[in-house]
Amino acid sequence: MKLQGKILSGYVFSLTLVVLVGLWGVFNLRRLGLASEGILQENYLSIRAADGMIDSLERQDSATLIALLDDTEAGLGLFRENQITFLQWLGRAKDNVTLEDETETLAAIEESYQQYLLSVDQLRSPTAQNSFETYEALVRPQFQAVRESAASLRELNQTAMTEASERAATTSEQAIISVAIAGLSAATAGFIVSWLLSRSLVRPVRAIRGAAEQIADGDYDVQLPVTSKDELGQLSEEINTMSSRLQAFRALNLDNLVAEKQRSEAIIHSLSDGIVVVNDQLQIVAINPAAANLFGTRVSIALNRHFLEVTDDRTLYERLQGAINDGAISAANEDINPSASPSQQEAPNEITIERGTTEHYQYLTTPVTTPDNRQLGVVLLLQNVTKFKQIDQLKSEFVMTASHELRTPLTGMAMSIDLLKETAQTKLSETEVELLQTAQEDVQRLRDLVNDLLDLSKIESGKIELAQTQTHPKMLVEKAIELLQIQAKEKDIHLFSTLSDSLKPVNADPNKITWVLTNLIANALRYAKETIEVAAKAHGDWISIAVIDDGPGIDVAYQSKIFEKFVQVKTEKDVGGTGLGLAICKEIIKAHGGTIWVDSKPGEGSTFSFTLPTVKATVKAMAEVTAKTATGQSTNRQTVDLSGQDRSEVNSIPP
């Protein structure tokens, strides 16, 4: 029998038992209904007839008394009316005779009622004297006889009704017991059949589940007994076939898998960059010699150990933990949260190792996930960028040296051109004067470029000195606005500030932060239409200052490059410049421990923002650095993610 037939037969058996119990219940309910109907038909109508006769008889007696009080017509009418009613009830009682003694009782009622009518007629005869005495002597006894006979009829039927009710109660108890026994028997039989059926179904299912668990654990040597030809038997046969094929597949591909594993390990070990693979518990499952050498250990020692047992670098540990929790890839130029504390903004992507010489490494964390987004671990890539750092330093030194060497001849050229314009202007033609003016502008542009390069080189090399003092942000904003308020009025642009009441003093160099603000405001003046807003807000231990304009905005393609050196965006308002202004702004803010970025949508204006730590945040950062130095923990170089677009630059930064 098929599996469906087995299940269906069990349901059919149980359903049959339910139907039988239901039919038996209906039969017993029918018996109870018939018993109740018999009570109504056999006794209740006779009781009503007896009550009706007693009532009409009493009304006839009352009519007789009314007639005796000299109201003969009224009493006679009432008597006849109730006489008819009495006879009607008597007729109904005769039609509903159901008991043996009921016929004799009705005959007694009819006979006594005839005597009662004769006595009433005698009372109304002209020969009757002393009517009330005659009533008591003749009518009253006959009235009592009729009434007692009617009451006997009622009592007779009430007794019969009581007996019928007791029989109905007995029938009800019998029905309840019989239905309960039938239901219990049906439930027991259904349970036994269901248990036997489920047992016959569950036994092969359990065997199949055990086989599936065995296959899932990698043991393909599975053979299930096939005891039936139903669907479960067919499934057992398929599992046996699958197990055999998996055994063959494993034997066929095991060598290939081993070869691939060895090839992957060989590739990892041959890489010059450090590779570390950890699982979701941060235990090292793979590491190449380059990474082991970097951490001062060996591959055999580092394997299967926790990451912190191999190296105590908390920055790498926190990045690996974050990659497991968030599943995010850490890129080489990862963004920094502007509102993060100084300790949180330490080198997210670069570490420095001291091993006789100073070496710099950039790292990339990549989570390893399954197709259903389950985290398996993280791959840590460590790239040695020491040579690039050295090349960048040499480049900066070259730029600084070249700028110094160019400053002197440019100054001489500028002075010579100025002297020529003053002394020989009357001797030169108009075309020669224009050429001289162009040469003077070119020399001035070269001088500005040289000054910017010198300033940027000083900042990047760390040679620039910051005269940091406790300064209120309100003073910095008001000073920058005051310097450019005249230019704003000339261009009919409303330049104003919006300052929060919760601003706290910052630890900054007022001159250099003012230079940053004036540079940003000057850039905004070149593109704003009507308004420029300078807003300052508090964010915990940080203060953010933003320059907001209603200009044409910045194309998204340029926003990620705007703070890089020599980056300029071609617009309809091409104002020229060296492309170093915003790069210098970035380095100044970075030197203060802050972050600078831009938010812009084409056609909706731009917002250049930067953050500065409060005095409290600076003290906290110094304490953290001191603690790290005391514990021997390596410090990481800070990187700043900046996005935006350099539109122009202003004067060189103050000393």
Side-chain angles (χ1 to χ4, degrees), residues 398-459 480-493 495 511-512 514-529 532 547 549 551-552 554 558 561-585 588 606 645-655:
F398 170 76
V399 170
M400 181 179 293
T401 302
S403 300
H404 273 293
E405 295 298 327
L406 288 174
R407 175 178 285 184
T408 300
L410 286 175
T411 302
M413 292 172 62
M415 293 178 60
S416 300
I417 292 174
D418 290 339
L419 288 174
L420 283 174
K421 287 184 65 177
E422 292 178 0
T423 59
Q425 187 170 5
T426 57
K427 303 177 182 179
L428 299 176
S429 64
E430 183 178 350
T431 301
E432 292 172 339
V433 171
E434 291 178 357
L435 292 174
L436 192 61
Q437 180 66 29
T438 301
Q440 185 182 33
E441 293 175 356
D442 290 339
V443 169
Q444 185 59 41
R445 188 177 297 108
L446 287 174
R447 293 180 65 184
D448 293 340
L449 176 60
V450 169
N451 290 333
D452 287 343
L453 288 173
L454 285 173
D455 294 336
L456 188 61
S457 299
K458 290 179 182 179
I459 296 173
I481 291 178
E482 181 182 357
L483 292 174
L484 295 173
Q485 193 65 256
I486 296 176
Q487 291 90 325
K489 290 181 179 179
E490 290 177 352
K491 294 188 175 184
D492 197 20
I493 294 176
L495 176 60
N511 291 331
K512 292 180 175 57
T514 302
W515 183 91
V516 171
L517 275 173
T518 54
N519 188 284
L520 296 178
I521 296 173
N523 286 346
L525 282 172
R526 293 181 174 90
Y527 298 95
K529 299 177 182 178
I532 297 176
V547 178
D549 64 62
I554 304 170
Y558 293 101
K561 305 176 181 179
I562 190 171
F563 291 96
E564 297 178 3
K565 305 172 190 176
F566 305 108
V567 173
Q568 290 181 295
V569 180
K570 295 181 179 180
T571 63
E572 295 180 357
K573 294 183 177 181
D574 192 358
V575 295
T578 63
L580 294 173
L582 291 179
I584 296 174
C585 290
I588 292 176
S606 304
Q645 173 185 352
D646 182 14
R647 295 183 294 192
S648 67
E649 75 292 316
V650 292
N651 300 329
S652 298
I653 64 172

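Just so we're clear, the structure is a prediction, and the values are computed from it rather than from any experiment.
The shortest non-hydrogen separation linking R526 to K491 is CA-NZ, 4.1 Å. Residues L582 and F563 approach most closely at O-CD2, 3.5 Å, considering heavy atoms. In plain terms, the two heavy atoms of C585 and W515 that are nearest each other are SG-CZ3, 3.6 Å. The two residues I588 and K512 make their nearest non-hydrogen contact at CG2-CB, 4.0 Å. Of all the heavy atoms in A524 and V547, the pair that sits closest is CB-CG1, 4.2 Å. In terms of heavy atoms, K529 sits closest to I493 at O-CG1, 4.1 Å.
A donor-acceptor pair under 3.5 Å links the side-chain atoms of D549 to the main chain of S606, judged by distance alone.
Put simply, OG1 on T518 and CG on N523 are 9.5 Å apart, with the number rounded to the nearest 0.5 Å.
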Item to check | Audit row: I521, L483, side-chain contact (heavy atoms from CB on, under 4.5 Å) steps and yes/no | outcome: CA-CA 10 Å; I521 296 173; L483 292 174; over 6 Å; no
Item to check | From CA spacing to verdict: side-chain contact (heavy atoms from CB on, under 4.5 Å), I481, L517 | outcome: CA-CA 8 Å; I481 291 178; L517 275 173; over 6 Å; no
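In this structure E482 satisfies the side chain to side chain contact (heavy atoms under 4.5 Å, CB included) test with no other residue, sequence neighbours excluded.
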